[in-house]
**Q** 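Input: one structure, supplied below.
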Amino acid sequence: MTTVQELPKAYEPSQHEAAIYRLWEEGGYFQPRGDPQKPPFCIVMPPPNVTGALHMGHALTDTLEDVLVRWHRMKGEPTLWLPGVDHAGIATQNVVERELAKEGLSRHDLGREAFLQRVWEWAQRTRATITQQHRRLGASCDWTRERFTLDEGPSRAVRTTFVRLYHDGLVYRGERIINWCPRCRTALSDLEVEHQEHDGRLWFVRYPLLDDQGRPTDQFIVVATTRPETIVADVAVAVNPQVERWRPLIGRRCLVPVVGRPVPIIADEAVDPRFGTGALKITPGHDALDFEIGERHRLPAIVSIGPDGRMNEQAGPLAGLDRFEARKEMARRLQELGLLEREEAHRHSIGHCQRCGTIVEPIVSEQWFVRMRPLALPAVRAVREGRVRIVPRRFVRIYLHWLENIRDWCISRQLWWGHRIPAWYCGACGAVTVPPRDDPMRDPQRCGACGSPDLRQDEDVLDTWFSSALWPHSTLGWPDDTEDLRRFYPTSVLETGYDILFFWVARMVMMGLYNTGQVPFRYVYLHGLVRDPHGRKMTKSLGNVVDPLEAVDRYGCDALRYVLATGAAPGNDMRLSAEKLEGGRNFANKVWNAGRFVVQALAEHLAPGEKVEAPSGRRRRSLPLEDRWILSRLHQTIGRVERLLRQFQIGEAGKRLHEFFWGELCDWYLEMAKVRLRQGDRDALAVLAYALDMSLRLLHPFMPFVTEALWQRLRPHLAWAETEALIAAPWPRARRSWLDSEAERQMGLVMGVVRAMRNLRAEWRVEPGRWVEAFVASPEAGVLAGLAPAVEALARARPLHISPDPASLPAQGAATAVLPGAQVALPLAGLVEVERERERLQRQLQEAEREVEGLARRLAQAEFRARAPAQVVAREEERLAAARQRLEGLRRRLQALG
RNA sequence: GGGCGAUUAGCUCAGCGGUAGAGCGUCUCGCUUACACCGAGAAGGUCGGAGGUUCGAAUCCUCCAUCGCCCACCA
């Protein structure tokens, strides 16, 4: 038998967490069970990168998803939370390359195969770490279904998708302007480029005009540029035809400075007439806008910057220079030639590589692209039509705006770590061969165009987000028609940070629809960023990163989870601090101690093997007031929590539970029940056990460990316990029959009386331990009399005189309080000064007068009565009546004082 | 250049059309047999500013201010 001696006074998370997690995992609770009649619930976990360890963002993800998953599991739905990890192509390759650099090696020193071997080793290690970390965070995901993006299944999904897109004409290879990171030496998608403001310069450069015969004149057209080194790749100068000043020059030619190449002056509306001189040098090889203008005017693209960021042989006099040295050198030469009109300071934003911070170079290069428009359309419709719902709603507009303005996605990466592109090039005719649609896994043996066996597979790999985009269906078995896929797809909720709405969420909707014809998930829940106590982003360089496991070690997993779950509204960032974690720890401790008290009471009052029966609905009316009250409050709370969780108001639900558990169950019911328990009252014992059980169930998704630890000790005493473990216990159902507004009203009166007595005691400095005589007068004396023992105990008021007659209160020498529905007096001879008491009551009288006045004024307004809902009017009238009652009482007390 | 969010008690944040809330902090008491990771009590807010809609606005609309974020072909 469990006794209180076995339960320590303070909750020690470290003594329970590992064992409880083992209990769950070994019990098979993480695998989908539940009622096959009910709709299944499924979340596919956003796969953390195998770059290293989990951070607070992952802890937040785990917490929110685990809350949803545990809630649905307890509702008896077949529930699957599918975990996984992401190979994170460029990020992981960079990490391993940095490791190699410590040994003085580059990936090229090792060669592709040996390098990949190193990355695999790294990935296996971090995978193990990550898996362990999820467990420490209490994640109840199904480890038997864990997936890795490079696993056979997801890899087959990737290849199948690429092949189908190719044959549908939605994947193509072409020379386009892309973002190039000279350090990572790979192409990047637009999303992988982060723009930052920089103080740069704007050079105004003279391009000598040529006459009809192609001879230089002494006139110039002046253009402004921030990147003079790209002048060597200029193929035209463009002006806006609206600009009077330049119109005469359209159709003439000028010389590119330094390199002396004659180029046309063309007209294009895309040129901003207000920027610089209103004339723009056109460098299709190194600028996105110029590339577009170049295509419109069929201009060639010259690439003058190499993959390493150095000027290449096309750069003439700049060849061999680093791009930034080249900039200086160009400016120097222009100066020398008198072609530099002037330079200005100029603040503008520059693209940086998301993974390494290097300034990205726009370069024309041959890459693979996905044609996004046709894919985006269905994804737009899915959200517009509510088949995918985004929470919070404000992100809908952001999502739609991005999709409606989407551009083609560069998916090839010049990396080694990732899914190799399934395209082969013919050594004989140069044609591209992609596996046939009906057998995407078969490597082609002969060129599809000329039949030559001289085939070489593309060296490049796919953007890591390509495989991520397939995640919900690829992890469930697609392209195979598996039972999991049929059962759990579309998944229920996709929960992730708003920072990857475009990277991941939008692309999953597009690819999910393309591959399966169905949306990948019905709801998208977006959470915010976890920041440091000052609101700064947690970064290694600031040294303000809080390791989630450290927080778990120090405060307990439940504390961390409670804080993360309740720390912010959906989509909002949150600040995490030691103070908040302490608060979470304190709450876990409160739960522990309340539970400890109840378990102790059960052990004490029940015979060995005896169990308490749940409070019976049939006997509801005959239960004491406080029982009816707490059961009413409990079922009210169950209803509210259910509604909040349905609306994804996870934080609010957690706060409601905190309020109920601490502020109502512990502060009032448990304290009142103590008196009855001492007398062996069975109703009190049953209600207490029942309320605790239901509270533990409701709290379990938020604080799974402390609740399970207690429940394991509570369960043996409960006649109604349905399961072996709380994780699988049925979720409480709100029952209207237990709602009891009359009990709540009456308890409100009782609580008011207790508070008033406590207030008087504090006001007049009565030592908390001392018992004092007390008088209460109330029209509802009967209600109060019924709870007299509790009131006595809570207010340390004995003897307690209860009467319906206000005249029964001592007239003088007493501290008094007047509340709606009752008057309270504590005869504190010698402590109460008449003058001070008078002042106190006088103050309250004025307050009451103001209140009556305000309410009366509002109720006197015809418009208010006419337009406000009847309910509101009635409530105001009640309030006015109560305020008047109080006012009357205060007047009488003052009179009595003399 | 567009868009979004925030602005509520000293701090961190909920609330988003019907009497201003929580946690932490502050002050005063208290080791009352679950919990000092606690209990009781108290102080503290013209809900960023200005207009408007409404019987009624922290909550809806308009404008403004400050901070932050996202997007954009800021040559």
Side-chain angles (χ1 to χ4, degrees), chain A residues 4 7 9-11 177 195 197 202 223-227 230 238 270-272 275-277 279-283 287-293 346-349 362 392 394-395 397-398 401-402 405 498-499 501-502 528-529 533 535 555 559 563 566-569 571-577 579-580 582-601 649 651-652 655 658-659 663 666-667 670-671 674 678 755 758-763 765-769 793-796 851 854-855 858 861-869 871-873 875-876 879 883:
Chain A
V4 71
L7 298 183
K9 285 175 77 162
Y11 173 59
I177 187 125
H195 292 269
E197 289 276 303
L202 195 55
V223 305
T225 179
T226 55
R227 295 187 299 157
T230 64
V271 180
D272 181 353
F275 191 94
T277 61
L280 172 63
K281 73 185 204 60
I282 300 301
T283 321
D287 184 276
L289 176 63
D290 294 5
F291 181 80
E292 233 178 69
I293 294 175
H346 180 62
R347 196 167 171 78
H348 60 139
S349 79
R394 68 181 127 96
F395 287 102
R397 280 184 56 165
I398 300 171
H401 180 261
W402 187 72
N405 297 283
Y498 63 69
D499 51 329
L501 180 62
F502 307 143
L529 265 52
Y555 303 98
V563 171
T566 58
N572 285 10
D573 294 354
M574 86 174 74
R575 301 184 191 198
L576 188 68
S577 63
E579 290 75 33
K580 287 183 180 171
E582 277 167 26
R585 179 201 58 190
N586 294 355
F587 185 37
N589 189 244
K590 187 73 178 180
V591 173
W592 174 256
N593 273 292
R596 197 165 67 98
F597 174 81
V598 176
V599 170
Q600 171 198 23
Q649 302 265 10
E652 277 303 297
K655 286 184 193 173
H658 182 277
E659 266 170 57
C666 290
D667 288 351
L670 196 147
E671 290 302 325
K674 280 178 181 174
R678 243 173 267 143
R755 281 202 193 97
R758 285 169 168 173
N759 178 300
L760 290 174
R761 296 176 60 112
E763 191 94 15
R765 314 223 170 264
V766 179
E767 308 91 87
L794 293 178
R796 293 232 135 198
E851 200 187 343
L855 288 163
R858 173 179 291 186
Q861 283 172 4
E863 276 181 305
F864 173 69
R865 286 186 172 280
R867 302 199 185 215
Q871 233 182 351
V872 172
V873 177
R875 200 168 43 229
E876 296 290 286
R879 246 180 241 152

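Proteins get letters first, then strands, A, B, ... in listed order; numbering begins at 1 in each. Quantities reported herein were computed from a predicted structural model and do not represent experimental measurements. Atoms considered below: every heavy atom in the structure, side chains included; atoms not considered: hydrogens, waters and symmetry mates.
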**Q** State which of B/G18, B/C74, B/A75 makes the closest approach to the side chain of A/Phe864.
**A** B/G18
**Q** Across the strands shown, which category fits A/Glu292 at heavy-atom distances under 4.0 angstrom: base, sugar-phosphate, nothing?
**A** nothing
**Q** Among B/C24, B/U12, B/A34, which nucleotide has an atom closest to any side-chain atom of A/Glu579?
**A**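 Nearest to the side-chain atoms of A/Glu579, counting from C-beta on, is B/C24.
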**Q** For a quick check of understanding: with a heavy-atom distance under 4.0 Å over all strands, which category does A/Val271 fall into, base, sugar-phosphate or nothing?
**A** base
**Q** Taking 4.0 Å as the cut-off, does a side-chain nitrogen or oxygen of A/Asn586 come that near to OP1 or OP2 on B/C35?
**A** no
**Q** For B/U32, give its Watson-Crick or G-U wobble partner with both distances under 3.5 Å, or none.
**A**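 Partner of B/U32: none found under 3.5 Å.
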**Q** With rounding to the closest Å, how many angstrom separate the C1' atoms on B/C11 and B/G3?
**A**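 It works out to 31 Å between them.
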**Q** Between B/C4, B/U28, B/A75, which nucleotide gets closest to the side-chain atoms of A/Leu202?
**A** B/A75
**Q** Does B/C4 have OP1 or OP2 under 4.0 Å away from a side-chain N or O of A/Arg397?
**A**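 For B/C4, OP1/OP2 do have a side-chain N/O of A/Arg397 under 4.0 Å.
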**Q** Could you let me know what B/A65 is paired to, Watson-Crick or G-U wobble, both distances under 3.5 Å, or none if it's on its own?
**A** B/U7
**Q** Does atom CZ of A/Arg347 have more than 12 heavy-atom neighbours from other groups under 6.0 Å away?
**A** yes
**Q** Could you please name the option among B/C37, B/C55, B/A75 that lies closest to any side-chain atom of A/His346?
**A**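 Among the listed nucleotides, the one closest to the side chain of A/His346 is B/A75.
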**Q** Assign A/Arg765 to base, sugar-phosphate, or nothing according to its heavy-atom contacts below 4.0 angstrom with the strands shown.
**A**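 Here A/Arg765 touches the backbone only, sparing every base.
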**Q** With rounding to the nearest 0.5 Å, note down the distance linking NE2 in A/His346 to OG1 in A/Thr226.
**A** 6.5 Å
**Q** Has A/Arg858 got a side-chain N or O lying under 4.0 Å from the OP1 or OP2 atom of B/G56?
**A** no
**Q** For A/Glu582 and B/C38, what is the distance between atoms CD and C1' respectively, to the nearest whole Å?
**A**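 In whole Å, B/C38 C1' and A/Glu582 CD are 15 Å from each other.
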**Q** In whole Å, what is the span from the OH atom of A/Tyr11 to the C1' atom of B/C38?
**A** 19 Å
**Q** May I ask you to check whether over 12 heavy atoms, not counting those of A/His401, lie within 6.0 Å of atom NE2?
**A** no
**Q** Any strand counts, and the cut-off is 3.5 Å on both contacts for Watson-Crick or G-U wobble. Which nucleotide pairs with B/G1?
**A** B/C71
**Q** So if I take every side-chain heavy atom of A/Ala10 and compare against B/C71, B/C37, B/A40, which nucleotide ends up nearest?
**A** B/C37
**Q** Please state how far atom CZ in A/Phe275 lies from atom P in B/C73, giving the value in whole angstrom units.
**A**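 Roughly 15 Å, once rounded to whole Å.
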**Q** I'd like the P distance from B/C4 over to B/C60, given in whole Å.
**A**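 14 Å, rounded to whole Å.
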**Q** For atom C1', what is the distance between B/G1 and B/C74, given to the nearest Å?
**A**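 Taking atom C1' in both B/G1 and B/C74, they lie 9 Å apart.
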**Q** Taking the six-membered ring of A/Phe864, is NZ or CZ of A/Arg858 closer than 6.0 Å to its centre and within 45° of its axis?
**A**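 Yes, A/Arg858 and A/Phe864 form such a contact.
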**Q** For A/Gly769, does its backbone N or O pair with a side-chain atom of A/Arg796 as donor and acceptor, under 3.5 Å?
**A** yes
**Q** Do A/Glu671 and B/A34 have a side chain to base donor-acceptor pair shorter than 3.5 Å?
**A**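 Side chain to base: pair present.
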**Q** Quick one: A/Asn589 CG to B/A34 C1', roughly how many Å, whole number?
**A** 10 Å
**Q** Given A/Lys281, which partner from the list A/Asp290, A/Asp287, A/Thr230 fulfils the side-chain hydrogen bond (donor to acceptor under 3.5 Å, both in side chains) test?
**A** A/Thr230
**Q** For B/A42, which nucleotide is its Watson-Crick or G-U wobble mate, given both distances must be under 3.5 Å?
**A** B/U26
**Q** Specify the separation, in whole Å, of atom CZ of A/Arg394 and atom C1' of B/A6.
**A**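 It is 10 Å, rounded to the nearest whole Å.
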**Q** Select one nucleotide: of B/A34, B/C55, B/U19, the one nearest the side-chain heavy atoms of A/Lys590.
**A**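 When the side chain of A/Lys590 is considered, B/A34 is the closest of B/A34, B/C55, B/U19.
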**Q** Tell which nucleotide pairs with B/G21, taking only Watson-Crick or G-U wobble pairs whose two distances are both under 3.5 angstrom.
**A**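 Here B/G21 is engaged in a pair, and the nucleotide opposite it is B/C13.
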**Q** Would you verify whether the NZ or CZ of A/Lys674 falls within 45 degrees of the ring axis of A/Phe597 while also being under 6.0 Å from that six-membered ring's centre?
**A** yes
**Q** Considering Watson-Crick and G-U wobble pairs with both distances under 3.5 Å, what does B/C37 pair with?
**A** none
**Q** Measure from the side-chain heavy atoms of A/His658 and tell me the nearest of B/G23, B/A34, B/G18.
**A**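 Selected nucleotide (nearest to the side chain): B/G23.
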**Q** When all nucleic acid strands are considered with a 4.0 Å heavy-atom cut-off, which category describes A/Asp290: base, sugar-phosphate, or nothing?
**A** nothing
**Q** Contact class for A/Ala279 (heavy atom, under 4.0 Å): base, sugar-phosphate, or nothing?
**A**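 Contact class for A/Ala279: base.
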**Q** Work out how far the C1' atom of B/C13 is from that of B/C47, and round it to whole angstrom.
**A**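 Taking atom C1' in both B/C13 and B/C47, they lie 13 Å apart.
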**Q** Paired with B/C47 by Watson-Crick or G-U wobble geometry, both distances under 3.5 Å: which nucleotide is it?
**A**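 Result: none.
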**Q** Heavy atoms from C-beta onward define the side chain here; which of B/C55, B/G18, B/C37 lies closest to that of A/Arg867?
**A**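 So the side chain of A/Arg867 is nearest to B/C55.
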**Q** Round to the nearest Å and state the distance from A/Asn572 atom CG to B/U12 atom C1'.
**A**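 One finds 13 Å between C1' of B/U12 and CG of A/Asn572, rounded.
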**Q** Roughly how many Å apart are B/G45 and B/A72, using the C1' atom of each and rounding to a whole number?
**A** 41 Å
**Q** May I ask you to evaluate whether A/Lys674 reaches the phosphate of B/A34, defined as a side-chain N or O under 4.0 Å from OP1 or OP2?
**A** yes
**Q** When rounded to the nearest 0.5 angstrom, what is the spacing between CD in A/Glu659 and NZ in A/Lys655?
**A**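 Here the rounded value is 9.0 Å.
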**Q** Under 4.0 Å between a side-chain N/O of A/Arg879 and OP1 or OP2 of B/U19, yes or no?
**A**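 Affirmative; the distance criterion is met.
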**Q** Would you please test A/Ile177 and A/Glu292 for side chain to side chain contact (heavy atoms under 4.5 Å, CB included) and show each step?
**A** CA-CA 9 Å; A/Ile177 187 125; A/Glu292 233 178 69; over 6 Å; no
**Q** Of the nucleotides B/G15, B/C37, B/A34, which has the atom closest to the A/Ala594 side chain?
**A**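 Output: B/A34.
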**Q** Hey, does the side-chain of A/Lys9 have a donor or acceptor N/O within less than 3.5 Å of a partner on the base of B/C35?
**A** no
**Q** What is the distance from atom OH of A/Tyr498 to atom CG of A/Asp573, rounded to the nearest 0.5 Å?
**A**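 Here the rounded value is 3.5 Å.
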**Q** Using a 4.0 Å heavy-atom cut-off, does A/Thr226 contact any base of the nucleic acid, only the sugar-phosphate backbone, or nothing at all?
**A** sugar-phosphate
**Q** Give a yes/no answer on whether the side chain of A/His195 brings an N or O atom under 4.0 Å of OP1 or OP2 in B/C71.
**A** no
**Q** Which part of the nucleic acid does A/Ala868 contact within heavy-atom distance under 4.0 Å: base, sugar-phosphate only, or nothing?
**A**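 Result for A/Ala868 = base.
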**Q** Using the P atom as the reference point in each nucleotide, state the distance between B/C71 and B/G52 in Å, no decimals.
**A**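 Approximately 39 Å lies between the P atom of B/C71 and that of B/G52.
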**Q** Figure out the CE/C1' separation between A/Met574 and B/G68, and round it to whole Å.
**A** 17 Å
**Q** Looking for any heavy atom pair under 4.0 Å, which part of the strands does A/Phe291 touch: base, sugar-phosphate only, or nothing?
**A** nothing
**Q** Please report, rounded to the nearest Å, how far the C1' atom of B/G39 is from the CD atom of A/Glu767.
**A** 17 Å
**Q** What integer number of Å spans the P atoms of B/C27 and B/U66?
**A**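 It comes out at 37 Å once rounded to the nearest Å.
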**Q** Which one, B/U12, B/A34, B/U33, comes nearest to the side chain of A/Arg678?
**A** B/U33
**Q** Identify whether any heavy atom of A/Arg585 sits under 4.0 Å from a base atom; if not, whether one sits that close to sugar-phosphate; answer base, sugar-phosphate or nothing.
**A**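 A/Arg585: base contact, heavy atoms under 4.0 Å.
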**Q** Expressed as a whole number of Å, how far does the C1' atom of B/U54 sit from that of B/G18?
**A**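 Here B/U54 and B/G18 have their C1' atoms 12 Å from each other.
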